[in-house]
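Here's the structure we're looking at; comments come further down.
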Amino acid sequence: MSDEVLVKVRDLKMHFQVGRGLSLSKARVRAVDGVSFDIYRGETLGLVGESGCGKSTLGRTILGLYRASGGSVSFGDVDVLSRRGRAMKELRRKMQLIFQDPSASLNSRRTVGQILLEPFIIHGIGTKAERAAAVAELVERVGLSSWHLSRYPHEMSGGQKQRVGIARALALRPGFIVCDEAVSALDVSIQAQIINLLEDLQSDYGLTYLFISHNLSVVHHVSDRVGVMYLGKIVELGSHEDIYRRAFHPYSKALLAAVPVADPERRPEGRMLLAGDVPSPIAPPGGCRFHTRCPSAMEACARIEPELRDLGGGHLVACHLSDEKGKGGATQS
Amino acid sequence: MLRKLMKSDATFTMGFVLFIGWIVIAAVANWIAPYDTLAQNLAIRFQPPTGAHWFGTDSIGRDILSRVLVGSRISLFAGLTTIALASTFGLIYGGIAGYVGGIVDDVMMRVSEMVLAFPGIILAMTIAAALGPSLFNSLLAMVVIWWPNYARVMRSMVIANKNEEYVEASRSLGASHLRVFFIEILPHSLGPMLVLATLDFGNAILLFSGLSYLGLGSPPPTPEWGAMVADGALNFNYWWISTFPGLAILTMAVGANFIGDGLRDLLDPKLRKGM
């Protein structure tokens with residue numbers, strides 16, 4: 001991990017219109033609503049949050065797969081969101097996506113060989129022989145054999161299919177890969193293999209990952225830095241230690257407290273459980289979005305939306321409690 | 001591939017034999033028909049099947065076997081042409097509506113529903129009558145009333161598939177819309193289209209026969225199965241007049257259906273058995 005910023009996200013917004021066609025509804029789902037952060041070259045940035053908080057949408061919007069409603073994304077010195085057509089296609093070679101469900105992300109009508117040839121055909125890379133050699137190298141690199149090339153996805157196991165998905169993402173030699181719940185659909189033993197593969201590839205090719213997951217233990221294992229998302233916003237972002245040892249935001253604490261502990265004797269004291277459901281992203285609560293469920297909510301939380309502020313060393317938190325940190329207000333919790 | 005499919009799928013084999021059989025018959029009908037299809041002989045009208053006339057004779061003494069054999073040509077042609085044109089047009093139309101979506105989809109589908117809202121045979125009659133009775137015009141009329149079914153099936157298949165992750169994967173690799181459509185989405189949509197087309201084949205033959213009966217398809221005395229069945233229905237005491245052309249329609253339609261089922265399985269790797 002270096003100090004060079006590879007991906008710079010500023011005030012990114014992705015709103016989806018509810019209803020379509022001639023519908024008069026003006027309601028919008030604010031899936032991602034003003035998110036800013038940097039991803040450094042060579043690092044793994046973990047992104048956690050519960051289902052529906054917008055983390056997958058965020059990943060895809062960064063890649064330009066959705067047309068963002070506002071904000072900006074730069075990749076190196078390239079403005080991603082303004083690129084269209086041929087320029088966007090060129091950029092696709094540098095940023096790729098690994099999907100959650102390998103059964104859904106591989107076309108069931110095509111063999112593994114055909115699927116892996118696709119990136120080379122789309123970008124017109126190499127001759128027929130060179131393509132075949134590149135595909136053979138790819139399958140080998142992700143731990144499959146050349147005889148898998150004639151297989152259809154349904155003839156393979158979940159772990160093998162995910163390896164194919166990784167090989168496809170790797171085919172164009174991208175520098176940045178969004179792993180969207182890349183191991184969540186796999187058995188625990190297979191998860192470990194795939195994570196090891198991803199880490200090997202990272203060190204071999206100098207890859208940068210945005211690792212999206214709802215599983216804090218997996219993120220704990222792979223990430224250099226971690227961002228916590230709630231209702232379309234990043235509420236806390238910091239180094240691995242900042243989040244797992246010194247989490248500040250009440251939501252981050254609640255998430256961490258919910259991680260199952262294998263030893264029944266060692267239940268964390270004063271385990272913090274959240275009440276209620278996530279509010280609708282169509283009409284998010286005013287002020288701090290978490291104030292409806294926050295155990296330490298104050299009067300100001302319902303009125304004023306907290307900004308991300310640095311607690312020191314790049315540990316960013318969006319919480320009014322951090323205002324009082326100097327006065328010793330929130331430290332005891 | 002064909003041999004493997006025939007070995008593993010008895011229904012497909014049966015359909016294949018029936019359908020190919022009819023194509024062969026249609027090709028050589030003019031040489032193997034024992035009598036002139038138009039030769040009338042009132043002295044031998046309403047003869048039941050005999051050694052001289054295997055399928056009997058009709059109300060004006062024409063040999064039914066000869067007429068069934070030669071009639072296969074026009075029925076095959078009408079059925080295949082109608083289905084091919086209607087399904088191709090429906091595939092493109094529904095594909096565009098489903099893929100583009102939004103307002104385009106709304107407008108295109110309302111147009112197709114306007115066509116569907118008319119009773120098919122009435123609309124076909126109107127069109128054929130307005131353009132004048134001829135083989136070409138009746139086929140055109142059939143295509144016009146037939147394509148919305150294909151457009152609807154195609155649209156629903158495209159909509160079901162276009163948000164799948166493998167489509168997103170293709171897009172994130174930088175594939176163009178045309179490539180996404182033809183390489184990723186179309187193969188998943190062909191199965192139901194094929195089944196619909198083969199099921200419809202029998203209907204197309206019947207509709208064409210209906211138009212012929214009304215004087216809007218192939219005009220009499222052209223040997224045509226639908227018109228022959230209608231003739232038998234007027235002379236109900238003589239069972240053979242309707243039965244043999246009816247059986248011909250049945251076997252041709254069933255053959256097409258069985259082939260369609262087999263091809264659908266062949267197109268989907270998950271359904272290929274032991275291959």
**Prompt:** Hey, is the main chain of His15(A) close enough, under 3.5 Å, to the side chain of Ser69(A) for a donor-acceptor pair?
**Reply:** yes
**Fill in**
Okay, Leu63(A) and chain B: the region with an atom under 4.5 Å from a heavy atom over there is neither
**Asked** For the candidates Ile98(A), Asn107(A), Thr111(A), which exhibits the highest count of non-hydrogen atom pairs separated by less than 4.5 Å from chain B?
**Response** Asn107(A)
**Message:** Has Gln96(A) got a side-chain atom pairing as donor or acceptor with Arg92(A)'s backbone, closer than 3.5 angstrom?
**Reply:** yes
**Request:** Please look at Ile121(A) and chain B and tell me whether the side chain, the backbone, both or neither of the residue comes under 4.5 angstrom of a heavy atom of that chain.
**Result:** side chain
**Message:** Please determine whether a side-chain nitrogen of the Lys or Arg among Arg171(B) and Glu118(A) lies less than 4.0 Å from a carboxylate oxygen of the Asp or Glu.
**Reply:** no
**Asked** Side chain, backbone, both or neither: which part of Phe120(A) has a heavy atom under 4.5 Å from chain B?
**Response** neither
**Heavy-atom donor-acceptor pair, Gln191(A) side chain to Leu186(A) backbone, under 3.5 Å** = yes
**Asked** Are Glu137(A) and Arg173(A) ion-paired here, with the side-chain N under 4.0 Å from a carboxylate O?
**Response** yes
**Segment of Arg93(A) engaging chain B (4.5 angstrom heavy-atom cut-off)** = neither
